[in-house]
Each structure stands twice: as structure tokens, then as C-alpha cells.
Amino acid sequence: MGLLETGRRMMPAFKELGKQEREAVIAFVTSNQKEGERKFTSPAPLDPYLDLPYQMTGYNKFLTKEGLPAISPPWGTLNAINLNTGKIAWKIPLGEDENLSKQGYPITGTENYGGPVVTAGGLVFIAATRDEKIRAFDKRNGKLLWEAKLPAAGFATPSIYQVHGKKYLIIACGGGKLGTRSGDAYVAFAIPGTKDN
């Protein structure tokens, strides 16, 4: 019981728990069924803020029986905002469900995690999609200029760096979200048109 009051190593202290609550925690942790069935005789006063007529059931997605978002596409977009006007300059679907594309559906976009990086020359690089691709777009109009397949989804923001005048793009390919395979690779690309050394 002392550990609940003082904590130890990575476990924090739980000083706010009353004696009966601490006993209930200990009964649970030690699998003491008899003690665990004992009722509180004087429950803690109920916080009216927490006395809600509903409860959280987790992060649930609205999906079809095939596992697709149950809303109209696009299911993921890349948007460019004109910071001078505050208006959307262009908006395009980001990502592709290859099974739907094979059936003739237009590009739907996919749920995505990760941001873009923009070069001084006007290229927007982004991975972030469940289709395991990294893409380059023209920042002026959103036109797709290049794409490459990755060993796993790049749910991260790419990085651009320069060595001896040559520029490189690198992305962490961890995957593992949205039903994608997991990965452990960093993939680097040399950006054409930069100094060769």
C-alpha cells in the first residue's frame, strides 16, 4: 500500500486515492477475488464535471464492411493555402487505394499521417499515405511531378539536406498504421539538378 502513496521508479504516486480505493487496487493487482468483491462503504464524492450521461468508447472510425471510409472520397487531401489571402490555392486527393484504381475508380486519396516539406525551387515532397509512396508536387498548382514506391509507408515528414552542393531527400519508412506492414528503413533520394560531387 505504501507504493501507491510514494510511487517507485517509473510508477507515480497516487496520493489522491483514499484508503478503500488503494485496497481495491491492491486486491485487483494481487487477484484477491474476495477482497475485490467488497463494496465501498463510503464512496468518494462524485465530481459533477465527470457525472456525464455518456462515455467515451475509444477512437472508432466510420467504415464500410470492406474497411473503407464510409464517406464520399476524397479520403485524404493535400491542400495549398495562399498565406496572403488565407484562401485555398489548390486541393488534390493524396494517396491511392490501388484495389479501387484497378477497378476503374478515380484516385480517392487515403488517410494520411505526416507532413510535407517544400523546397526553395517550389517542390512539395510528401509521403504520409497508406499506399507506401512518396510524391513530389509543383507548389504552384499541385501537379504530380514524381512518385516512388517505399519499402513501407512513410508516416513521417520528409527531410531535405545538402552535402557538397548535392541535395537529398530522406524519409523514415516505419509503416504499421492503418493496416500497413511495418518497416524499419530510412530511404534517401538524390534530387536531380543539384551539383554532382
**Prompt:** Any side-chain heavy atom of I134 sitting closer than 4.5 Å to one from W146?
**Reply:** yes

**Asked** How long is the span from the CD1 atom in I191 to the CD atom in Q162, to the nearest 0.5 Å?
**Response** 9.5 Å

**Request:** State the CD1-CG distance between I107 and D131, to the nearest 0.5 angstrom.
**Result:** 9.0 Å

**Fill in**
One should read off an interatomic distance between N99 CG and L68 CG, to the nearest 0.5 angstrom, of 8.5 Å

**Prompt:** Should the pair R140-D138 be classified as a salt bridge under the 4.0 Å nitrogen-to-oxygen rule?
**Reply:** yes

**Message:** Is it the case that over 12 heavy atoms from other parts of the model lie below 6.0 angstrom from the OH atom of Y161?
**Reply:** yes

**Validation row: T110, K133 side chains within 4.5 angstrom (heavy atoms)** = no

**Asked** In this structure, are over 12 heavy atoms from other groups packed under 6.0 Å from K149 atom NZ?
**Response** yes

**Message:** Is any side-chain heavy atom of I170 closer than 4.5 Å to one of Y168?
**Reply:** no

**Request:** Answer yes or no: does atom CG of L178 have more than 12 heavy-atom neighbours from other residues, nucleotides or ligands under 6.0 Å?
**Result:** yes

**Asked** Should L169 and I160 count as side-chain neighbours, where that means a heavy-atom distance under 4.5 Å?
**Response** yes

**Complete:** Rounding to 0.5 Å, atoms OG1 (T77) and CG (N112) come to a distance of 7.5 Å

**Request:** Would you indicate whether the side-chain heavy atoms of I92 and F137 approach each other to under 4.5 Å?
**Result:** yes

**Request:** For K102, look at atom NZ and say whether over 12 heavy atoms of other residues, nucleotides or ligands are found less than 6.0 Å away.
**Result:** no

**Request:** Rounded to the nearest 0.5 Å, what's the gap from CD1 on I71 to OG1 on T64? Could you check?
**Result:** 11.5 Å

**Request:** Answer yes or no: is there a donor N or O on one side and an acceptor on the other, between the side chain of W75 and the main chain of A70, under 3.5 Å?
**Result:** no

**Prompt:** Do other residues, nucleotides or ligands put more than 12 heavy atoms under 6.0 Å from K91 NZ?
**Reply:** no

**Asked** Hey, any chance L78 and I81 share a hydrophobic cluster, counting ILVMFWY side chains that come within less than 4.5 Å of each other, even indirectly?
**Response** no

**Message:** Measuring from atom CD1 of I171 to atom CZ of F155, what distance do you get when rounded to the nearest 0.5 angstrom?
**Reply:** 10.5 Å

**Item:** Salt-bridge contact E132-R181 (side-chain N to carboxylate O under 4.0 Å)
**Value:** yes

**Minimum side-chain heavy-atom gap T129-R135 below 4.5 Å** = yes

